[in-house]
Amino acid sequence: MILFKVKPKDTYYSIGRRFNVSPKAIIKYNGSKKETLTIGAIVKVPTDIPYKKSHKEKETADKPLKETKKEKKERLAREAKEAREEKKHKHKYTEEKTEATVEAAPEQEQPATPVKQQPTPPKENNAPALQYKVSAGETLYGISKRFNTSVDYIMKLNNLSSTTLSQGQVLTVKPGSEAPQPPAPHNDTTVVKHDSIIATPYNDSSSHLNANRFGLYEKSEKGVATWIDDTSLDPNKKLVLHRTAPIGTVIKITNPMTNRTTFAKVVGRFTDNESTKDVIIVMTKNVADSLGALDKRFHVIISYGSPNE
């Protein structure tokens, strides 16, 4: 194949006649649809005519080239330089391979020396001691869990020889370092006992949550409350009677009609009679006034903590 550059006045016929190729074969070989040519275009001419060298080129090709002294000197210097560089490259490759082998060798593990842990000295408990009044059914184990301490520590603190507790017994309890301080008792710490109070079993349908960190279950009740004028109860104190709450419990009382809330302390329990029928709590007039009660009987919402579910 010959690449031919189109000149002015060239046609497929003139090109074919020059290279002894038919014009149709040139048109078909170039995939052209037109018979006209553009000046400067390259046309591929399919021909088997070999390229003939000129007489001068033949003589140059057949004549062996003679190397001058200067060229020989330069060639030898170049070959010596290449030999030195190749030797240097081989030496560097050998060193890198040796270093890689040394790094790949596993290091001999030295046996680890066991470190003896020093026993951590017990933290000194600087929490203040509290006076706790035992309710019915409570045990030393339950009280120790409530205050994040131990039974032995409570017994040692109170000089107890037995784990048996009695209702109303006052214990000195020191909460653990991780336990939060129990809520401060209400200002009204006077306990007034009513001679006519009789404990009666009562099944309430109050709701409660899971026990908190002190082991108390929060109970909530809704129902009717009433207040009484009793000369044996201090009218200036916020005291209440409840069917099941342990004596000494502080109850939160809310009047949904006035949206007022107050706190009162349980000092006893009550039995059913005409004035306390269908009542969940009985309170002093001071508590009723704090809640804004207008009638003798009114609806309340109460909540308190209980050690029992």
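For the single chain, residues carry numbers from 1 onward in sequence order.
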>> Quick check for you: to the nearest 0.5 Å, what is the distance between Ile253 atom CD1 and Ile281 atom CD1?
In response: 4.0 Å
>> My understanding is that only residues two or more places apart in sequence, or in another chain, count here; which of them pass side-chain contact (heavy atoms from CB on, under 4.5 Å) with Tyr13?
In response: Thr11, Arg17, Pro23
> Checking side chain to side chain contact (heavy atoms under 4.5 Å, CB included) for the pair Ile302/His242: CA distance, chi angles, key distance, verdict?
Replying inline: CA-CA 11 Å; Ile302 64 175; His242 193 268; 3.7 Å; yes
>> Between Glu79 and Arg75 (salt bridge meaning N to carboxylate O under 4.0 Å), is one present in this structure?
In response: yes
> With sequence neighbours excluded, what pairs up with Thr172 under the side-chain contact (heavy atoms from CB on, under 4.5 Å) test?
Replying inline: Ala129, Gln131, Leu157, Asn158
> Shortest non-hydrogen contact from Ala264 to Val240?
Replying inline: CB-CG1, 3.5 Å
>> Please find the pair of heavy atoms, one from Phe270 and one from Val279, that lie closest to each other, and give the distance.
In response: CZ-O, 3.5 Å
>> Holding to side chain to side chain donor-acceptor pair (under 3.5 Å), I want the full list of residues that pass it with Thr258, two or more places apart in sequence or in another chain.
In response: Asn255
>> When you group the ILVMFWY residues by side-chain heavy-atom contacts below 4.5 Å and let the links chain together, are Ile280 and Met257 in the same group?
In response: no
> How long is the span from the NZ atom in Lys5 to the CD1 atom in Ile39, to the nearest 0.5 Å?
Replying inline: 11.0 Å
>> Let's go through Lys44 and Leu3 carefully: what are the C-alpha distance in whole Å and the side-chain angles of both, what is the deciding distance for side chain to side chain contact (heavy atoms under 4.5 Å, CB included) to 0.1 Å, and is it a yes or a no?
In response: CA-CA 5 Å; Lys44 299 176 183 178; Leu3 298 178; 3.6 Å; yes
> Looking only at heavy atoms, which two atoms of Pro46 and Ala25 are closest? And how far apart?
Replying inline: CG-O, 4.2 Å
> Which heavy atom in Ala245 sits nearest to a heavy atom in Ile251, and how many Å separate them?
Replying inline: CB-CD1, 4.2 Å
> Is there a side-chain contact between Leu241 and Arg269 (heavy atoms, below 4.5 Å)?
Replying inline: no
> Taking only residues two or more places apart in sequence or in another chain, which ones pass side-chain contact (heavy atoms from CB on, under 4.5 Å) with Lys81?
Replying inline: Arg84, Glu85
> Which of these, Ile27, Asn30, Ile2, sits in a side-chain contact (heavy atoms from CB on, under 4.5 Å) with Val43?
Replying inline: Asn30
> Which residues satisfy the side chain to side chain donor-acceptor pair (under 3.5 Å) test with Thr254, sequence neighbours excluded?
Replying inline: Thr261
> Are Val170 and Met155 linked, directly or through other ILVMFWY residues, by side chains that come within less than 4.5 angstrom of each other?
Replying inline: no
> Quick one: are Lys70 and Glu74 in side-chain contact, heavy atoms under 4.5 Å?
Replying inline: yes
> Can you name the nearest heavy-atom pair linking Lys133 to Glu138, along with the distance?
Replying inline: O-OE1, 4.0 Å
> Val224 versus Asp278: any side-chain heavy-atom pair under 4.5 Å?
Replying inline: no
>> Checking Tyr141 now: which residues fulfil side-chain contact (heavy atoms from CB on, under 4.5 Å) with it, not counting sequence neighbours?
In response: Thr139, Ser144, Lys145, Val151
What side-chain donor-acceptor pairs closer than 3.5 Å can you find for residues 289-298, not counting sequence neighbours?
| unit_1 | atom_1 | unit_2 | atom_2 | d |
| --- | --- | --- | --- | --- |
| Asp289 | OD1 | Lys285 | NZ | 3.2 |
| Asp289 | OD2 | Lys285 | NZ | 3.4 |
| Ser290 | OG | Lys238 | NZ | 3.4 |
| Ser290 | OG | Asn286 | O | 3.0 |
| Lys296 | NZ | Trp227 | O | 3.0 |
| Arg297 | NH1 | Ser275 | O | 3.4 |
| Arg297 | NH1 | Lys277 | O | 3.3 |
| Arg297 | NH2 | Lys277 | O | 2.9 |

> For the residue pair Ala225 and Met283, what are the closest heavy atoms and their distance?
Replying inline: CB-CE, 3.7 Å
>> Could you work out, with side chain to side chain donor-acceptor pair (under 3.5 Å) as the rule, every residue matching Thr276, not counting sequence neighbours?
In response: Asn273
> Do you reckon Val173 sits in the same ILVMFWY cluster as Leu160, going by side-chain contacts under 4.5 Å, direct or chained?
Replying inline: yes
> Does Thr164 have any side chain to side chain donor-acceptor pair (under 3.5 Å) partners at least two apart in sequence or in another chain, and if so, which?
Replying inline: Ser162
> Do Phe4 and Asp10 have side chains that get closer than 4.5 Å, going by heavy atoms?
Replying inline: yes
